[in-house]
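In what follows, chains carry the letters A, B, and so on, assigned in the order in which the sequence lines appear, proteins first and then strands, with residues in each chain numbered from 1.
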Amino acid sequence: MSTPAELTAPTVKENPSFEILYWVGCAASYDRRAQRVARAMVRLLRHAGVNFAILGKEEKCTGDSARRLGDEFLFQELATANIETLNKYHVKRIVAHCPHCVNALLKDYAQFGGHYEVVHHTQLLAELIRAGKLPAVAAADVNSGNAGAGDVTYHDPCYLARVNGIHEAPREVLATAIGGRSLCEMKRNRANTSCCGAGGGRMWMEEDPKQRVSTQRAGEALATGAKTVATGCPFCLTMMSDGVAANGAEARVLDIAELLVERLGLNPPAAPAPSAPATPASS
Amino acid sequence: MTPTRETFGNIPLSSQLAFYALAAASMAVFAWGVYRRWKLWRLGTSINARDLITGSLAAVWQKVRGGAKRVAIDAGAQQRVRGHGLGTVAHVSLYVGFMALFVGTVLLETDNVLSHLWHGLKFHQGAYYVAYEFTLDVLGLLFLLGTLFFLGRRLVKPPALGHRATDWYVLLGFLAIGVTGYLVEALRILWQQPTGLGAHCSPVGLWLAGWLHLGEAEARHSHFLVWWIHSFLVFAFIASIPFTRLFHFIAGPMHIFLAKNVLGVMPPVTMEEVEATGRVGPADIRHFSQQQLLSLDACMECGRCEEVCPAFATAKPLSPKRVVQDLKGAMEKTAAALAAGKESEVPALHEATIAAETLWSCTACNACVNTCPVRVDQLTFILTLRRHLVAEGGLSGTAATALRRMQSNGNPWGLPATERTAWTDALKPKS
Ligand code: SF4
Ligand code: SF4
């Protein structure tokens, strides 16, 4: 068996002495587009020398959608199973890149005896940047040659900014990730952000193309003139990508972690070209 | 001479007695009106409000301090009214003017009662009098300005705002109260002929007096008449509070006291509860808590929640304000049906009150909850109502599929758990 340092993303079994659990979530586990966010996160964690582990096949959906769709008992079943697993591995600190997972692990699970320190990946990344563990490359933007790497806007996810008050950490990380470029704020930002349309289980519902919340919100993002739409939620990633396409525009939609990886030049040569326009997720 | 004025100057004793009789009557109507709404809230499940006031003084304070702080900040300092441009400015000025006049009236009556008990206790004179008269005279203008703004807005009718005929009654009543108040003051100045500071501490009244060319006798006569009109208007206003949008004076702070709005939290359901009640989620209005029913009355249809709702903005059949108002309608109908002994006429919350499509349209974004000035939790209504739908098999299509997959595979994609780490393959060094 290889040592933890050599593993790409060690499981809790492989690295029982982990300090922080990386909660991957269903989207990044199964959705092709969101998987790229998880890979970006692993590259960043390893680059910063973070001692982390994932639950692997023992992780189950947090049940956020189930609870908000009204299936309380399915949610409780999933929550109980997850809490049992988390406790079995003595998890204390969790990082998740999905605000719905963050909220569920933090607030929903506390009602059922699961008490953890839960941080969003942008909070952990901000912490690592402040500690000097993710040094930004010097002046020259390593990716300055990227097509469409113009101004950047940030779409605050509801469950991050409004529900859990996390809006400064993402901006802090973005400041590093976009170097000299400016952040164009949308009119509705931070706690006043507007939804991407996927919360409350709407992620799993068909929506009349004329009535898509995502089209409207992406329109607001594009109106800032930004060529890159950054976000911090896998649902928002799908929705904003669809929305940009529905607006007939060409902006890239990326998770903050992906932007940071790009900035630090951690993308392996074999990775899909970051300049390619984001394709709607394959869900 | 010390600046002062007689509290019931120019008002004969018979009128003073009639005044107090009317005051008592209007307060009785007010109390009866509040009692009628309170009975409606009692339809809900108990929130054990009594627990709040039991225990030692320290324990009680511990329990009520959070609520008291919310009332002081949200309502007292108008914190949750902020963020709406001119509407906010107008509300705050109407509120400040109103509160000043209200507190002023209470002080005046206190002085009156004290001075009757013991003559030397009269404090409505001298420097206090000058400061009092000046403050009320100026803040009365804020009251009028706010009223004028809201009258203008009723003419424009912004779509998100609720409109009722009684809104005109309320606002025109405010206008009349403000104007007659100043007239009473001007006429008093005309017959009393105060001098120096005693006159100048009421600049608006003095200015108005300058326009009225009346002799002392005429002034006294008109003063008596306008004083009565003003008094009638005030009593009508007090009696109207529980029957008009003004009820938010009462229900708003009460609800702010009880409700915290922790975003992203849902009330759990236990199996024992389901076994005891035979249902999951609310099916009729009695299944909500008393605090939730009170929130229905706290809503003044300001429309802020509707303005921020993404579902509403994309023409879906959902407005959080409508949900609240429809539930309020169901609460009233339920009470009427029960009072008539017709249990069968208690309206069902699903379909009869709120369509399933409405409930499914919500993205649970919390924008409505976050913006409501009186802390109505529209989202918890919606999400708990969904529970009943789901339990009754009311969810179909792709969302139902996702739930089935979560049940069988532990993820909404329905893929096997063994594939959960497939994404890491691309990270492995190529060998
Ligand atoms: S629920 Fe709150 S925000 Fe919505 S209309 Fe009523 S008072 Fe206004
Ligand atoms: S939580 Fe639901 S009802 Fe409230 S604003 Fe968001 S979508 Fe509208």
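- The number of heavy-atom neighbours closer than 6.0 Å to CZ of B:R70, taken from other residues, nucleotides and ligands shown, is above 12.
- No other option in B:P416, B:P412, B:A422 has as many heavy-atom pairs under 4.5 Å with chain A as B:P412.
- The aromatic rings of B:W413 and A:Y30 sit tilted relative to each other, their planes meeting at an angle between 30° and 60°.
- Side chain of B:T398 to backbone of A:W204: a donor-acceptor contact under 3.5 angstrom is found.
- The CZ atom of B:R386 sits 10.5 Å away from the CZ atom of A:R68 when rounded to the nearest 0.5 Å.
- When the candidates A:E206, A:E59, A:M205 are compared by the number of heavy-atom contacts under 4.5 Å with chain B, A:E59 comes out ahead.
- Within a 6.0 Å sphere centred on CD of A:E84, other residues, nucleotides and ligands contribute 12 heavy atoms or fewer.
- How far OG1 of B:T363 is from CZ of A:F235: 12.0 Å, rounded to the nearest 0.5 Å.
- With A:E72 contributing its side chain and B:T270 its backbone, the two residues share no donor-acceptor pair below 3.5 Å.
- Of the possible polar contacts, one joining the A:R202 side chain to the B:W360 backbone as a donor-acceptor pair under 3.5 Å is found.
- Scanning both residues, B:R420 and A:G56, for their nearest heavy atoms gives CD-O, 3.4 Å.
- B:V274 touches chain A through its side chain: at least one heavy atom from C-beta onward sits under 4.5 Å away, while N, CA, C and O do not.
- A salt bridge links B:K316 and A:E207; the closest N-O separation between the charged side-chain nitrogens and carboxylate oxygens is under 4.0 Å.
- Rounded to the nearest 0.5 Å, atoms CG (B:N411) and CG (A:L78) are 10.0 Å apart.
- The contact between B:T424 and chain A is made by backbone and side chain atoms together, counting heavy-atom distances below 4.5 Å.
- Around atom NZ of B:K63, more than 12 heavy atoms belonging to other residues, nucleotides or ligands sit under 6.0 Å away.
- Chain B forms more heavy-atom pairs under 4.5 Å with one residue of A:A9, A:A81, A:A66 than with any other, namely A:A66.
- Per-residue heavy-atom pair counts under 4.5 Å with chain B were compared for A:C26, A:G25, A:C158, A:A38, and the maximum is reached by A:C26.
- A donor-acceptor pair is defined here as one N or O able to donate and one able to accept, closer than 3.5 Å; such a pair exists between the side chain of A:K107 and the backbone of B:L263.
- Ranked by heavy-atom pairs shorter than 4.5 Å toward chain A, the options B:L415, B:V265, B:L383 are led by B:L415.
- For the set A:N103, A:I54, A:L74, the entry with the most heavy-atom pairs within less than 4.5 Å of chain B is A:L74.
- We find the OH-CG distance between A:Y159 and B:N366 to be 4.5 Å, quoted to the nearest 0.5 Å.
- Proximity of a side-chain donor or acceptor of A:R39 to a complementary backbone N or O of B:L427 within less than 3.5 Å is not detected.
- Annotation: the span from A:D31 atom CG to B:W423 atom CH2 amounts to 13.5 Å, rounded to 0.5 Å.
- The distance from the CZ atom of A:F73 to the CD atom of B:Q407 is 12.5 Å, given to the nearest 0.5 Å.
- Taking chain A as the reference chain and counting heavy-atom pairs below 4.5 Å, the highest number among B:A400, B:A311, B:A367, B:G397 is found for B:A367.
- With hydrogens and angles ignored, the 3.5 Å screen pairs no side-chain donor or acceptor of A:R162 with any backbone N or O of B:N370.
- Ranked by heavy-atom pairs under 4.5 Å with chain B, the first of A:R212, A:R67, A:E77, A:K57 is A:R67.
- When all heavy atoms are compared, the tightest approach of B:P268 to A:Q111 is CG-OE1, 3.6 Å.
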